[in-house]
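The analysis underlying the following values was restricted to heavy atoms, covering all of them including side chains, and did not include hydrogens, waters or symmetry mates. It should be emphasised that the depicted structure is a prediction, and the values quoted were computed from it without experimental measurement. Lettering follows sequence order; numbering is per chain, from 1.
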Number of protein chains: 2
Amino acid sequence: MSLNRHQSAGYMTNWAARLFARAIDQKLKPLGFSSGYLPVFFALADGGARTQKQLARDAGIEQPTMAATLNRMERDGLITREKDSEDRRVTHIRLSPEARENAKDIQAIVDQVNEAALSGLNSLEQRVFLDALGKVTTSLAKAEDEDDPKPDDQ
Amino acid sequence: MSLNRHQSAGYMTNWAARLFARAIDQKLKPLGFSSGYLPVFFALADGGARTQKQLARDAGIEQPTMAATLNRMERDGLITREKDSEDRRVTHIRLSPEARENAKDIQAIVDQVNEAALSGLNSLEQRVFLDALGKVTTSLAKAEDEDDPKPDDQ
DNA sequence: CAAGAATACATAGCTTGCTATATAAAACAT
DNA sequence: ATGTTTTATATAGCAAGCTATGTATTCTTG
């Protein structure tokens with residue numbers, strides 16, 4: 001039973017993800033931002049509005065997780081919520097002007113961390129790595145679906 | 001400001017890590033195990049004892065996180081804690097016999113998820129992917145160290 | 001040897017993820 | 001038109017990660 005965990009894709013992916021999050025969170029902290037806000041930030045960066053459900057699906061997280069994230073972002077003054085006048089179940093979420101002011105800085109930090117992370121790879125390896133991540137997520141998402149098919153995946 | 005997040009290593013790594021964890025947790029649940037227990041499980045699978053500090057360093061997580069994980073594992077009857085008789089600060093942690101009985105099943109589940117995740121890659125891509133994950137963690141860990149040098153990294 | 005530093009672990013409080021379930025509104029179907 | 005189903009969001013409770021800090025014990029050093 002001697003397993004080399006450095007050969008385990010799941011273990012290494014989890015480890016890398018934690019290091020990414022730690023690096024990003026450290027650098028975003030002075031801006032009042034954190035890694036969990038990024039998917040929302042990028043989804044809304046065009047200035048438009050999205051519903052909670054759209055944001056969750058877009059970020060690949062569950063609805064209650066997105067609800068909690070949006071609560072923190074609202075608390076921190078980064079988003080606004082506006083009830084739809086026609087369908088009162090729906091809420092439209094937008095970035096606040098204050099959040100949008102930080103766009104350039106946030107983008108720079110994200111780029112910087114990604115660049116540092118990939119600095120040990122040549123450009124071919126970088127391409128294969130990103131491509132592989134895409135294929136891995138596709139495979140895992142498909143396996144998840146087969147085990148537990150949700151109809152709402154449109 | 002139109003960023004394709006599928007090109008962001010950090011975003012994709014985080015996404016893949018969540019899919020890995022979800023898949024593993026689903027399959028480990030019937031055994032009373034979860035993904036957070038795996039690093040401890042593998043570190044102790046040889047039947048020997050480790051201290052909390054050794055386990056945390058080995059798993060690449062912080063000491064309080066490991067303390068919480070060990071509390072849950074103890075609650076679930078998967079480990080035993082034994083105070084060192086010489087140095088009363090130190091606790092020796094071992095897998096319980098019950099935990100060790102599940103070793104083969106757990107290994108099989110981990111292998112199965114890893115295999116499914118990598119099924120879309122040919123063997124060259126798999127090698128490059130695992131190698132890249134190693135280099136990415138090395139780069140990120142080094143950057144972390146440079147920002148905030150801890151003396152205890154022996 | 002006593003005082004201070006270092007070490008191992010514990011605790012508090014937060015974030016970001018999950019599942020399961022509740023609630024309210026809208027849509028559908030008889 | 002009302003009863004059922006679907007949809008959007010909310011809430012509860014847990015896991016696993018983090019930082020900051022507390023506590024007890026051991027080591028070091030003057």
Is the number of heavy atoms from other residues, nucleotides or ligands within 6.0 Å of CD (B:E115) greater than 12?
no
Pick out the pairs of N or O atoms, protein on one side and nucleotides 10-12 of chain C on the other, that lie under 3.5 Å.
from, atom 1, to, atom 2, distance (Å)
C:dA10, OP2, B:Q52, NE2, 2.7
C:dA10, N7, B:Q63, NE2, 2.7
C:dA10, N6, B:Q63, OE1, 3.0

Of the nucleotides D:dA15, C:dC18, D:dT26, which one has an atom closest to the side chain of B:R22?
C:dC18
Across the strands shown, which category fits B:R50 at heavy-atom distances under 4.0 angstrom: base, sugar-phosphate, nothing?
nothing
Taken to the nearest whole Å, CD/A:Q26 to C1'/D:dA20 is 13 Å
Are OP1 or OP2 of D:dA16 and a side-chain N or O of B:S34 less than 4.0 angstrom apart?
yes
Sub-4.5 Å side-chain heavy-atom contact between B:L44 and B:R50:
yes
Short side-chain N/O contact to C:dT15 OP1/OP2 from A:R75, under 4.0 Å:
yes
Tell me: CG of B:L55 to P of D:dG17, nearest whole Å?
13 Å
Hey, does A:E86 reach any base, or is it just sugar-phosphate, or nothing, if we go heavy atoms under 4.0 Å?
sugar-phosphate
Consider only side-chain N and O atoms of B:Q126 and B:N122, and report whether a donor and an acceptor are under 3.5 Å apart.
no
Return the value, rounded to whole Å, for the distance between atom CG of A:L70 and atom P of C:dT16.
11 Å
Between B:R18 and B:N14, is any side-chain donor less than 3.5 angstrom from a side-chain acceptor?
yes
Closest-nucleotide 5' rank along DNA chain D - winner of B:D25 and A:K29:
B:D25
How many whole angstroms separate atom CD1 of A:I93 from atom P of D:dA8?
12 Å
Please determine if a side-chain N or O atom of B:R88 lies less than 4.0 Å away from the OP1 or OP2 oxygen of C:dA8.
no
Suppose we call two aromatic rings close when their centres sit under 6.0 Å apart. Are B:Y37 and B:F33 close by that rule?
yes
Rounded to whole Å, how long is the line connecting atom CZ of B:F33 with atom P of C:dC18?
22 Å
Quick note, A:K53 side chain, CB onward, closest among D:dC18, D:dA8, C:dG17 is D:dA8
OP1 or OP2 of D:dA15 under 4.0 Å from side-chain N/O of B:R18
no
Classify the side-chain pair B:D25/B:S35 by whether it contains a donor and acceptor separated by less than 3.5 Å.
yes
Nearest heavy atom decides the nucleotide; on that basis, is A:S35 or A:S85 closer to the 5' end of DNA chain C?
A:S35
Just the rounded figure in Å: distance from P of D:dA15 to CE of B:M66.
16 Å
Considering just the side-chain nitrogens and oxygens of A:R89, establish if one lies under 4.0 Å of OP1 or OP2 belonging to D:dT9.
no
Minimum-distance pair of heavy atoms, taken over all atoms of A:I93 and A:Q52
CD1-N, 3.6 Å
